[in-house]
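Letters go in sequence order (proteins before strands), and every chain restarts at 1.
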Amino acid sequence: MLNFRNKIVELIKGEVDSLSREEIEESIETPPSYDMGDYAFPAFKLSKVFKKAPNIIAEELVSKFDENPYFEKVESAGPYVNFFINKSKLIETVMEEIKEKGNKYGSSDIGEGKKVIMEYSSPNIAKPFHIGHIRTTVIGNALHKIYKFLGFDTVAINHLGDYGTQFGMLIAAYKKWGDREVIENDPINELLKLYIKFNEEAEKNEALKDEARYWFRELEEKNEEALELWKWIRKISLKEFNKVYDMLNIEFDTYAGESFYSDKMPKVIKELEDKNLLKESEGAHLVDLEEYGMPPALIKKKDGSSLYTTRDIAAAIYRKDYYDFYKNIYVVASQQNLHFKQWIKVVELMGYEWAKDCIHVPFGMVSLEDGTLSTRRGKVIFLEDVLNKAVESTFKIIEERNPDLDNKEEVAKQVGVGAVVFQELFNQRIKDYVFSWDRTLSFEGETGPYVQYTHARANSLLEKGKFNIEDNVDYTLLDSDIEIDISRLLYNFPQVIVDAMKKNEPYFITRQIVEIAKMFNKFYNSSPILIEDEELRKSRLMLTYGVKEVIKTGLGLLGIEAPNRM
RNA sequence: GUACCCUUAGCUCAGCUGGAUAGAGUGUCUGACUACGAAUCAGAAGGUCGGGGGUUCGAAUCCCUCAGGGUACGCCA
């Protein structure tokens, strides 16, 4: 595909030697409106070099760029040099590229040979998968797909919370009040009940906490009974989680969670001691980080057992050895910012230069209208319920508007789940939000169903118009403002994917496909597509095809399906 | 108490590494279905970018400060 920015860099570089190609590339901007041009080069920085007013420099530059095949017009506007792209070249290059690459349009090999670890979702065993888990799960999945699409060699890790004192609690609670059959029938809820009951009782009776600690120690010592219970609880919980993962169409490469690293920690503690990083304080062992403006990182408890900082350090070291990662990414809530800063600093202090490749990708908090989520107090909204409710609402809408649709259940699932996922990936990760049923179940405006609807509509046009990708198309017929606007958005799509990867922000893609859908709907409402004139029809269908492909790819990267009918 | 994050239209949010007149959606009001799919489109109204300083040719964007909200701070993860 033609790279218009590079063409501008070449033109400017030909006239101005004092700026490097990179500097020129970086200063190229998009004007506020396309009436003013497709790209703009501001001359402010040159005014110091040439000791002239920027608007004079801009004028002088323009006079040198008259005849050029890639830009139909170059003009100055005050201090800016504005470039107007050659529209037929733009449309032709983007359409030919989409035609050639199809559903691979926007992919690349920039990540070739680089291993990227994406740790996300990571629910706690025996606790419900609630609305609070949706963010890490959905953001992580999207990032995983984005990196993969850009050629990175990815590993999706579900770092299950399957170890720790809480397990001692569960085992103790099960031994006191548990019933295997009851739990088998409704694992998460029953285990949650045990968990809540144990916490309530433990507040009244301190001795229970000792029992929990006892059972956790037994588990670590590989006591057969404890081990068997642990395996069983882990298995039935995972089975429940997989219901949600199936609905979301998410798979992991490994479920190596906390337990997996439990035997890798003593070595780390020893290493910290050998490197003189460990300090004793009030019976516990820690790494002092005062020098770096952070509270100390606790490594070993009074009783000798380890903490999750130790576990994360051990996991990172293991992963470096085993995978030799290029980036080791953690999609974990912003509440853990300090924790990540601490342990990554400790890894750095241990002398591992790859500490900088461990990246925490934080996101904001979800709360309920009446306050914070709390598993212990049973104040949660289950993710499964959210998804099911969205699917039900969608099903009703389909019954109303498109009752003859084939496989309504399947489509309702794709659209309902898609709506939830889309909403989750629509804004910057860091923003907190309050969960609202109204918002989750609204399918109008900038929503997943809107984009999916546009896709289905485009598909229907292609079918009715008997679109054939082999047809030769006269691109010069696509010359209206809307058609060019659409082409520009399609043209920018590959760059948007790269930006999304660089910033670990899937919403760049969400916003781009919304823009494409909006522009296409505008086009659809203003220009007939299935018309008599064969040449014109073919060209408009080609544009429709481009829109359909890019929307589908974009949705796919977000983990959302694109049904052909809905 | 200390550190970090957030604050843009009634509501929910965009605004690319500072750049040309601050944009969407939603809600409100108005208009378009015997129409290629109305989960759509067109239009109107709606903003001292939390307040105040500073840096700069230029600040919603960078720095300082104040206010409001949130999160985290040694034996949970």
Roughly how far apart, to the nearest Å, are [N] and [M] at atom [atom1]?
N      : M      : atom1 : answer
C76(B) : G19(B) : P     : 48 Å
U26(B) : A39(B) : P     : 14 Å
C64(B) : G23(B) : P     : 30 Å
G52(B) : U71(B) : P     : 28 Å
A9(B)  : A22(B) : C1'   : 11 Å
A20(B) : A60(B) : C1'   : 15 Å
C63(B) : U55(B) : C1'   : 7 Å
C49(B) : U34(B) : P     : 46 Å

Report the distance from atom [atom1] of [X] to atom [atom2] of [N], rounded to the nearest whole Å.
X       : N      : atom1 : atom2 : answer
Q336(A) : G70(B) : CD    : C1'   : 16 Å
N427(A) : C11(B) : CG    : P     : 16 Å
L425(A) : A14(B) : CG    : P     : 13 Å
M365(A) : U71(B) : CE    : C1'   : 7 Å
L338(A) : C76(B) : CG    : C1'   : 15 Å
I513(A) : G25(B) : CD1   : P     : 17 Å
E290(A) : A3(B)  : CD    : P     : 13 Å
D288(A) : G74(B) : CG    : C1'   : 12 Å

Just to confirm, is there a sub-4.0 Å distance from OP1 or OP2 of [N] to any side-chain nitrogen or oxygen of [X]?
X       : N      : value
Q428(A) : G15(B) : yes
Y507(A) : G15(B) : yes
K502(A) : U17(B) : no
K431(A) : G70(B) : no

Looking at [N], which nucleotide sits across from it as a Watson-Crick or G-U wobble partner, both distances under 3.5 angstrom, or is there none?
N      : value
G50(B) : C66(B)
G18(B) : none
A45(B) : none
C33(B) : none
U12(B) : A24(B)
C73(B) : G1(B)

For [X], which contact category applies under a 4.0 Å heavy-atom criterion: base, sugar-phosphate, or nothing?
X       : value
Q335(A) : sugar-phosphate
P31(A)  : base
E258(A) : sugar-phosphate
A297(A) : nothing
P32(A)  : base

### Query
Taking for each residue the nucleotide of RNA chain B bearing the nearest heavy atom, is the 5' side occupied by Y39(A) or by F508(A)?
F508(A)
### Message
Quick check on RNA chain B: between Y308(A) and N337(A), whose nearest nucleotide comes earlier from the 5' end?
### Response
N337(A)
### Query
Under the 3.5 Å rule, do the base of A20(B) and the side chain of N82(A) count as making a donor-acceptor pair?
yes
### Task
Determine if the base of G74(B) is syn or anti; take syn to mean the glycosidic torsion is within 90° of 0.
syn
Do the rings of [X] and [Y] sit parallel, tilted or perpendicular, given the 30° and 60° boundaries?
X       : Y       : value
F523(A) : F520(A) : tilted
H339(A) : Y308(A) : parallel
W230(A) : Y163(A) : perpendicular

#### Entry: Carboxylate-amine/guanidinium contact K389(A) E392(A), below 4.0 Å
no
### Task
Determine, for E483(A) against R488(A), whether the closest basic-nitrogen to carboxylate-oxygen distance falls under 4.0 angstrom.
no
### Query
Taking the six-membered ring of F426(A), is NZ or CZ of R511(A) closer than 6.0 Å to its centre and within 45° of its axis?
yes
### Query
Is the number of heavy atoms from other residues, nucleotides or ligands within 6.0 Å of NZ (K408(A)) greater than 12?
yes
### Query
Regarding N521(A) and R457(A), is there a side-chain donor-to-acceptor distance under 3.5 Å anywhere?
yes
### Task
Assess the side chains of Q495(A) and D499(A): does a donor N or O sit below 3.5 Å from an acceptor N or O?
yes
### Query
Would Y80(A) count as stacked on G19(B) if the rule is ring centres under 5.5 Å and plane angle under 30°?
no
#### Entry: Annotated protein contacts, base or backbone, on nucleotides 35-43 of chain B with a non-hydrogen cut-off under 4.0 Å, one of B, S, - each
-BBSBSSS-
## Note on the structure
Per side chain to side chain donor-acceptor pair (under 3.5 Å), Y433(A) is matched among Q423(A), E424(A), R135(A) by E424(A)
### Message
Of the listed nucleotides (U17(B), G74(B), C73(B)), which one gets closest to any side-chain atom of S281(A)?
### Response
G74(B)
